[in-house]
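Values below: all heavy atoms of this structure, side chains included; hydrogens, waters and symmetry mates excluded. Below, chains carry the letters A, B, ... as their sequence lines are ordered, and counting in each starts from 1.
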Amino acid sequence: LTPEQGTDYGWNQQGIEGAKAAGAAAGVEVIVAENLGYGDVRPTLQELAEDGAGLLIAHASGYNTAAPEVGAQYDVPVAVVDTPQSLKEGAVADYTASGHQGAYLAGVLAAKMTRTGTVGIVVSGEPPSWNAQSTAFAEGVKATQPDTVIRYAVIGPAAYSDAAGGKRVTESLIAAGADIIFGQGNGSSFGMLQAVETTKATDGGKVLFIDVIGDKTPIDKGFLLSSVLWNLEPVYAGMIADVKAGIYGTHNYDINLKDGSVDLLKTANIPDDIWTEVQAVRQDIIDGKITVTPKYDAASVHALVTGN
Amino acid sequence: MSGLFTDAFIIALLAGVVAATVPLLLAGLGEQISEKAGVLNIGIEGMMLMGAYGGFYVAWASGNLWLGFLGGGIGGMVVGALMALFCVRMGLNQIVVGIALTLGAEGVTALLHYEQFSRLYPRLSVMAPLPIPGLSQIPIVGPALFTREPVVYLAFALVPLFVWLFRRTQLGLMLQAAGDKPAALDTAGVSVLKIRTIAVLATGLLVGFGGAFLSIVAAGVFVPFMTHGNGFIGIVLAMLARGRPTWVMGGALVFGTCLSATTALQVAGVDVPTDIIQMLPFVAVMAVLLVAGRKARLPAALGAAYVRGER
Amino acid sequence: MTTETTNLTSGGLPPRLRAALATAGLSLGPMIGAFVLSGLVLLLMKVNPFDYYGYVFQRGLLSPSGVQATLTRMGPLLLLAASLIVAFRAGLWNLGGDAQFLMGAVFVAAWAPLMVQHLPVWLVLVLSMLVSVVIGAIWGLLPAILRAYQGINEIITTLMMNFLGISLSSALVKLVFADPDTTVPQTRTLPVGDRLPVLFGSNVSSGLVIGLVVILAVHWMMTRTAFGLKLRVVGANPEAATHAGLSVPKLTLAVFAISAGLGGLAGAVAILGQYGNVRADWNPAYAFTIVPLVFLARFNGYAAIGYVFLFSALGIGSESAARRLDVPNYFTLVTVALLLVLLAVTERWAALRRARKGV
Amino acid sequence: MADPAPIIRLRGVTKRYPGIVANDSIDMEFRQGEVHVLLGENGAGKSTLVSMLAGLQQPDEGVIEVEGVPTALSSPERALELGISTVFQHSMLVPTLTLAENAALGGRWWRNPDRRGHEARMAETAARIGVVLTPSALTGSLSLGERQQAEIVRALMRGARFLILDEATAMLTPHDAAGLGQLMRRLASEGVAVVFITHKLNEAIEYGDRVSVLRLGRKVGGIAPEEMRALTPRAATERIVHLMFGAQDAAVAAVAPPPVGADAPVVLECLALHVADATVPVSAINLTVAAAEILGIAGIDGNGQKELAEAIAGQRPISSGRIRLDGAFIDGLDVGGRRRAGLRYVTDDRLGEGTVGGFPVSINLLLKQIGDPPFWQGGIERPAKIDENARALVKAFDIRTPSIHTPAGKLSGGNIQKLLLARELTGSARAVIFAKPTYGLDLQNIAATRRRIREAAGRGCAAIVISTELDELLELAHRIAVMSQGRIVGVVPNDADARRRIGELMSGVAA
Ligand SMILES: Nc1ncnc2c1ncn2[C@@H]1O[C@H](COP(=O)(O)OP(=O)(O)OP(=O)(O)O)[C@@H](O)[C@H]1O
Ligand SMILES: Nc1ncnc2c1ncn2[C@@H]1O[C@H](COP(=O)(O)OP(=O)(O)OP(=O)(O)O)[C@@H](O)[C@H]1O
Ligand SMILES: [Mg+2]
Ligand SMILES: [Mg+2]
């Protein structure tokens, strides 16, 4: 179940495609209920449970209360996000999908590539997984180029569809010197992309955009630097397997660089030498030489980007 | 902090103010006409969305941004025509129809977007700015305010036009009569239904332009629900302005400034929760009402359908 | 706006019966019309309308769990309808219901989960509802004062308080009432066991009962009591009310207190009965959808119950149908819009017919 | 005078409203150069007829011929085009526009309304008929009388050839009414066809060429011009009264008010009352009214009478001074408190504040007793009692309404007035303020109303009667105070010499 239509090159689309792929692989049927909004999702959960679903994947932190309750009621295992503590033998497991490791890499990449020494982060809200990626990105930048300036702006508390706001805010960041924008935000991210494509950096050069979750290459006009790709298929595949094996709910799931469920998109805009350097860092993370700890609260984001 | 407030940045902020103000201004002026004529037009969020979609679609299909604005105006007017038909001609409840039209427009535009654009998300080219000779040379202010898309100037030019319309023309009197005592207008030989219909269509046109501005200039893309409450703020502005176009502009500027200021603070690294900042304009207005406490008078017949000879 | 003239004096056959029949009659035609029109849209999208509406009815009206979901959803909606009936009959266009709802919800969600650890559940539930009423009323106070003592139109102020309240409630959830045990910005959760009891074994929350009782009580108050009549006089002609020696300011405050209080109560019932907690940026915008229904019901409680049921069922049913037939459920918005307009048409038509008959 | 073809002829015109036939197959002719007076009791259907001539309503049956041609007066616009100009019974001016702007209303939408020009033309037209008004004044700030004058002026400015005046003199002073009368004659002689609706027979006979009488929607007869000229005023009056009210004679002899004993206790006192008001500040009002005494307040409408009445009733804050009722100060109390103390106020603003138009007659009759037993028990309504009360009052005060459940707003002007009187004159009152109590009433109801006022006084309560009709005061009052520009310029006993002295006071001669 996803809150919005699965055509956003982002959270919803990845969730749905991942599930479909995993289902196809395991030969189980996948019913998609998309665009359910954040209002009252219980009736849909109940209906799916009644229709004999073997696993309910509630793909929005907003569903983390309703899903386990309905699951318990119909005793159907459910998967939720952003609430690890709700792990429950045979009933509930969490897959906190956060690309923080990938975001760290993106930070590294950005720090290496910025000409102006300023990078920007634009978000259309401050949900936990985005905060984690924002912080990781900032840490990546700092670790690589401590003197790089990071500019951070939120379009609005829940401006997910505010494309105009996305463009406006992004333009301000660019004017503030940023020549690389790390953007997170559903509908509004298209406004960010538009800003990147139509505005020159302060040094007169091109501004580049780092996306999250999805791969916007199909609609790119040559301004996409990279994207923190998620691939939820391994997660869902693992869940299905565990359900079959009857060990569901004994452990949570996550996405990481190691199993490739998180990765950084290589585009033509990335010079090979820099790419190899980034790959090195990637290896360090996998090997545990570098540990990126996710920070899910807005406060720690602000702490990192404030006062520079 | 150092070196953040460069000219470029300040210019961007000022430009942001304008970009955020124009849709509100158009929405507010549009609503104002309907309200003057006694039609409480709750449907302008819908008109705006339809304008945003129509504007984007035409601009994208024709590749001509100006045609796009035309399409936006027509899109808004289509919803306006429905409003006029249902509320003015048939006398249906204005709040019910207004909300229905908003919901309907949300649904229709989202569906159309889903069918057409949800795979490719086409984006438009930028509209070429038109520097105003002389003024555009002023440092900072010049590039920010006087090197803008022509539609921006047109939007602001509407304000004096409206002042003139309201104060210096028969239409101004007729609108006010239609809103304050329709029977008097009718017995003076002017069709109330005609005046109100004109008013509502004009609302649709203006608000449609506002929507088109959002999708064509402000965003360059169309995404579902992108008007994001602009229409409702427009309603508030129109009501607060008590018939004065100048006040609508003032209000729109306040809101636009607040939005841009939010960005400025965040970029400057000042840690203020966006929810709190979002409240500032409303808190400000409520405070003003509380202390100033001027009777915000609305047209006497606002919201009431007119039926000739009814006692 | 339109001031209603019916049900001012009783007599004749019981109004509940009349209203119920009227609603049924006046709803069927528009429903069929709306389904036909939106059916055409479906055809354009190459979806079989009969399948679609088959699923809608199947889910919304026939399947047990569907009906139960419908009934559960009705609880808070009925309370909001009651809140609006009081205000609208008194000629006060309270358009700030969503904020009043959210305020009530947020404070209850912050309060109840903590209290259940110390007090017996039933007591917590009762107290929570009181809290929500008070909070709602407080939120309604400012527009009330501005209207009562400075004559500032309440449509403006309630609209603005609505924007304010929606932002404030999510700010409160994030900054003040956030549940420390989760990274998700939401309040603590009231355990399922501690929520409003469900009705005999079903999934239907007893919020439904609360809603029904309250809206019927409100209807009775507005149509049968002196207090209700005073409110209606203020609504229909404030000058006459002043001339008749009624204290318009005091009555205005009373109306806002009741209306906003019920709005808050609706929030409490939603939390205590269904949701258990409030997430940041949560706003189901119930009041916004209820406003037109209350107008269509011509501020009549019984008719309002009918419409609320109709639209709850439609909402639940369409969600299911959209999923089964892979229609984006934006489509529901179109159906609702068509239905509202057609209902408004018949309502108008009925009014004209009444006028022709006299009274 | 020659007998030209009628400008407008009605053939079997019928208009129905829920529950009643307002106009029942009416045949009527309106001729050039004639003042055609329409008479009829309240609710007879006069205004309905007017609304059809003005294009506001369409006949259900019958035809309207304009110069012999059947014509659909489909809209006010059409009627105005044909030169039909109307002054309606209830004000048709936009309160938020100035008088001049109201006059300017209409024309090409992009045109400049030319305020200056209209102000000038309005002023001179007003001067022509000898009334003074400020064209630049905001309509909403003017008294009903002033608005009515403005509407007459506006109608004249349109240069109509067919002028309709629905109770245009209702709120004018005798002097202004006479002025209007002269004007009607002049217009007639200039070839205009005038339709004049009034409840004052003397006006009808003095200015009318032809009289038509409506009763219960039917035309029950009339007097042709030659007859009119032939009949003596006395005889004409009797004819008309007979037509209007059938057999019984309504010309009630004016009985002199019972004298007030010198020892009668003072009931109502105003002590140095001041009321701040933008338009008419009321200042230094000192009045005392004794038990069983009727005090008349004369004066041209808009000289502070309304403000004073509202201040006493508690609807308008007083800036200084005190009010005493039966020796107790009541200026601290609110409207309701003063009412409970025994003070009543019969407003002249029937539709504005007197009634709730959308509510049924039965409720409007109890508007000031909501919650009181026996109609409400413990705050819960007792429909039977409420209806019972309504039926009784409708009968007692002869309120013409289809049903007690009919929304009060649908009653005719006069019947709404009766409703107010019925409401205020029942129950016990210590002091009653009547504002234009009989304006818009027909002869019978005027007589009945005046009788009731006397009875009220007879029961020992103090009455203040505000009226622009001097004759009314001379018939009713013991003493008459004259009000001008917010002050009481003098109080005279109602003796043989009263008329002259009041005239002097009004015209601002010696005090
Ligand atoms: N209180 C009002 N109600 C209705 N319309 C108004 C009101 N005030 C102004 N208007 C209309 O708005 C037009 C524009 O007014 P403007 O922007 O000049 O405000 P303003 O000059 O401050 O108003 P004012 O003239 O009342 O001071 C005026 O010409 C008038 O037609
Ligand atoms: N719009 C209307 N709807 C319903 N009934 C109406 C309407 N207009 C007039 N009536 C009814 O028609 C009848 C005639 O009303 P009308 O106003 O013509 O009387 P009138 O002769 O002008 O009385 P008055 O001298 O009191 O003004 C009355 O019973 C009135 O209640
Ligand atoms: Mg009349
Ligand atoms: Mg009358």
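- Of all the listed residues (A:Ser61, A:Ser129, A:Ala33, A:Gly62), the one sharing the greatest number of non-hydrogen pairs under 4.5 Å with chain C is A:Gly62.
- Listed here is the closest heavy atom pair of A:Gln85 and C:Thr182: NE2-CB, 3.3 Å.
- With chain C as the partner, the residue from A:Thr44, A:Thr83, A:Asn64 showing the most heavy-atom pairs under 4.5 Å is A:Asn64.
- A donor-acceptor contact under 3.5 angstrom links the side chains of A:Glu47 and C:Ser320, judged on distance only.
- Residue contact with chain A, scored on non-hydrogen atoms closer than 4.5 Å, involves the side chain of C:Thr189 exclusively.
- Side-chain contact check for C:Val184 versus A:Tyr296: every heavy-atom pair is 4.5 Å or farther apart.
- Contact of C:Asn283 with chain A is not made at all, since no heavy-atom distance falls under 4.5 Å.
- With contacts defined as side-chain heavy-atom distances shorter than 4.5 Å, the pair A:Pro43/C:Arg59 qualifies.
- The two residues C:Tyr275 and A:Asp40 have their closest heavy-atom pair at OH-CB, 3.1 Å.
- The residues C:Lys174 and A:Asp297 are annotated as not salt-bridged, no charged nitrogen and carboxylate oxygen being separated by less than 4.0 angstrom.
- In the model, C:Thr183 has no side-chain atom that pairs as donor or acceptor with a side-chain atom of A:Asp82 under 3.5 Å.
- Side-chain atoms of C:Asn329 and A:Glu34, non-hydrogen and from C-beta on, never get closer than 4.5 Å to each other.
- Looking at C:Asp281, only its side chain comes within 4.5 Å of chain A, counting heavy atoms on both sides.
- Contacts of A:Asp51 with chain C are made by side-chain atoms alone, with heavy-atom separations under 4.5 Å and no backbone atom involved.
- In this structure, the portions of C:Tyr330 lying under 4.5 Å from any heavy atom of chain A include both its backbone and its side chain.
- Residue C:Gln68 does not touch chain A at all, counting heavy-atom pairs closer than 4.5 Å.
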Stepwise side chain to side chain contact (heavy atoms under 4.5 Å, CB included) test for C:Arg323 and A:Leu48: CA-CA 10 Å; C:Arg323 178 168 54 75; A:Leu48 287 168; 3.4 Å; yes

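- Considering only heavy-atom pairs separated by less than 4.5 Å from chain A, the leading option among C:Asn277, C:Thr70, C:Ile316 is C:Asn277.
- The candidate with the highest count of non-hydrogen atom pairs below 4.5 Å against chain C, out of A:Gln46, A:Arg42, A:Gln73, is A:Arg42.
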